[in-house]
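Notes follow once the structure below has been shown.
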Amino acid sequence: MKEEYKVAGMTCASCAISIETYLKPQKGILEVAVNYPNQSVTISYDENIIPLETIGNKVKEIGFKLILGTKEDTKKEFEALEEKRLATLKKKLIFAAIFSVPIFIMSMFLMGKIPYENWIMMALALPVLFYSGAEFYTIAWKRLKSFSTNMDTLVALSTGIAFLFSVFNTVNPQYFLSKGLVPHVYFESAVIIITLILLGRFFEEKAKSKTSSAIKKLMGLKPKKVTAIRNGEEKVISYDEILKGELIILKPGDKIPVDGKVKKGTSFIDESMISGEPIPVEKMKGSNVFAGTINQKGSLRIIATKIGDETLLSQIIKLVEEAQSSKPAIQKLADKIAGIFVPIVIGLAVVTSVLWYLLGPDPSITYALLTPITVLIIACPCALGLATPTALMVGIGKGAQQGILIKDAQALETAYKIDTLILDKTGTITEGKPKVTDLIWDKNTVSTELEKVVFAIESESEHPIAEAIVAHLKMIDTENVPIDSFTSITGLGAEGTFKNELYRIGNESLMIQKEITIPTELSVKANSLKSEAKTVVYVAHKNRVVGLIAVADKVKETTLAAIEKLQQMGIEIHMLTGDNEQTAKAIANKVGIKNYQANVMPADKGAFVKELQAQGKVVAMAGDGINDSHALAQADVGIAMGSGTDIAMESAGITLMHSDLKQISKAIQLSKATMKTIKQNLFWAFIYNLIVIPIAAGVLFPINGFLLNPMIAGAAMSMSSISVLSNSLRLKNKNIN
Amino acid sequence: MTIVKYKTNIHCGSCIKSVTPVLNNLDNIDLWKVDLEHDDKILEVTLDDEDKNSVVEAVKSAGFEIEEIQ
């Protein structure tokens, strides 16, 4: 394949030579000719060995840009279209509501009180049908051409017939009057149906558009400006200008823009969003750093090894996107029913008409015209359209009261089917922050005195574990004392002098290095603390260890009871963590989870969800970090902890405000109750139809001469809507535990 | 620490961009800078060790000419 591309960024002839020399040795590239005056490059290459994208990236690596139609552009265009659709829907809905309300009031309360009322209602109904409801008619028409029906057909047919019949009666009321019948109009039925159905659609679309904001937030983790060293000088450049191999300066608090390797400096980086590890990780020359994580303390110079789409963060973004787009569309139960219901209703109307024409009394032609209309009006899908959205709205509102935020109605529809629950460890099962769990002092030591010294020394230290110790000592009201000196020992701990005596606080290596005696009793205790996945800090006075401080990410108080309850409900629980095997095992044992996996990378979590789904399981995932976002989006029900990252909350369908696992069983109960209400609603939506349609068709006429008045048909229709609404409201008072 | 100077044909901002990754990736380089104003486009490098040749190799791999100035 030989093609010419424009290249941006070439400013001299040497640049051209540079591109040529850089591309030529790449496998799959046969020929490269750079045309400097023309700012273009002609490449002949084998697509199978080296795709165009790779070539583009290679060129970018040395600071130029191959101009191709990018995916970004098409994506942006797509997003703009989606936004426009939602805006149009909103406009149509508001429009419909403004015109429907006066029609409704006129027909319900002011009938016979306003002159020319039919004409006024007709004028008001016209824009609702022809602007707000236009979509229903076009879709129904398209469907008709392929001999299929759905909810739109039912809406189009019932509102269309009600409208045309009403127009006929408005323009020519004499026709029915002359036959001794009242010429009713049904403008209100037509417009109210359209408004309610549009309202339901609007809620649905809004939920959908929220998912894409999760991705936008993830993108927001990339800093806009970056300080780089270019040609020996510090320069502030924008994110897009970062080159592969660029030397980047990171100050405390900076977001890491790329995946890279530390060239200079030491610091602690909060990597909890990637690895789940709650304690910031120390970085020094040669350590790897990842995009999206945050530099805590100290300055670093890093070399960008992976930029743009190649970073771990970008991979996560990609996985979240894939998981969200692969989700099955919301199964519309009502639509499915409508698929059978519509043809039956149409068939019944036709049969009714024919039977009246052939067998009916005089004027048979009038009866043949009127009865099918009554049938169609009574079959209006108003209640059917309300059945699901009202129950969901009440369910979602009830959840919110209890601190369960349901973003995606699909999650509420699915939660009751869950049979497998995956829990992230850090921040979900545990608190997510290191805390002091044990303070153990040597018998012969005065602990209060020592605590003061430890407090003073650790206050000087910048290590995250020291912070946890300081926080704990502050909490137990430890007094601060002035120390004479302080020295930090990188990677090991710190030392300080108080009243001319030397104190050392640090890990086991520090004690070994300084040849400090650890009494057997404390050594045994230290080992037992380590087996509980706790980090042990040794406190030494002169050359003897006098105390131990254990620091760990504590299990939340409510976790144990919540897990037990979920297991009782027959749900299988798995724990996943980026932490090591020992920590994972200790926590899993403590909370009673049999299935656990340690050292899990973000992508593995999503893959594990998929694996369980492939086994036919309905999987819920609960987590709080960016590293969980892919799995949260992939799961049938994603549950985010309210204390977690925004990304997790955006990716999940449900967010627990109290970050309490007990809420999960509540959410499941809520889902059960809501689904029950939806099913009852569907029953109420249909029962009236089933009873009244035959009466509307005139089955009682041969028996007792009764023929349903279309006005009563309309009332029956609204009765079914009222039943559905009140049934949904009943859900509000239901007890959810 | 050794400071070494090289004569090169790195003569514009974009050329700097193309040598940036290769030079930054060299473990023994602490600081480097090209004097674009100078006729000989002098590349000045602060090295941690004596391995001057690694710089020559790196710059050549990016497609530029380089020669150490004695």
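Per chain, numbering begins at 1; letters A, B, ... match sequence-line order.
- Within 6.0 Å of CD in B:E68 there are more than 12 heavy atoms belonging to other residues, nucleotides or ligands.
- Here the CG-NZ distance, from A:N231 to B:K17, works out to 12.5 Å after rounding to the nearest 0.5 Å.
- Distance check, rounded to the nearest 0.5 Å: OG of B:S18 to CD1 of A:I19 gives 7.5 Å.
- Atom NZ of A:K261 has 12 or fewer neighbouring heavy atoms from other residues, nucleotides or ligands inside a 6.0 Å radius.
- Atoms CG and CD1, from B:L23 and A:I303 in turn, are 10.5 Å apart once rounded to the nearest 0.5 Å.
- For the pair A:K244 and B:P21, the tightest heavy-atom approach, listed with the atom from each and the gap, is O-CB, 2.8 Å.
- For the pair A:R301/B:N24, no side-chain contact is recorded, criterion being any heavy-atom separation below 4.5 Å from C-beta on.
- Between the side chain of A:K264 and the main chain of B:D30, no donor-acceptor pair closer than 3.5 Å is present.
- Listed options B:V22, B:N25, B:L36, B:V19 were ranked by heavy-atom pairs under 4.5 angstrom with chain A; first place goes to B:N25.
- With a 4.5 Å cut-off on non-hydrogen atoms, A:L247 touches chain B through its backbone and its side chain both.
- Proximity to chain A (any heavy atom under 4.5 Å) is shown, for B:D35, by neither the backbone nor the side chain.
- Ranked by heavy-atom pairs under 4.5 Å with chain B, the list A:E246, A:K24, A:K263, A:E233 is led by A:K263.
- Put simply, CD1 on B:I16 and CZ on A:R230 are 10.0 Å apart, with the number rounded to the nearest 0.5 Å.
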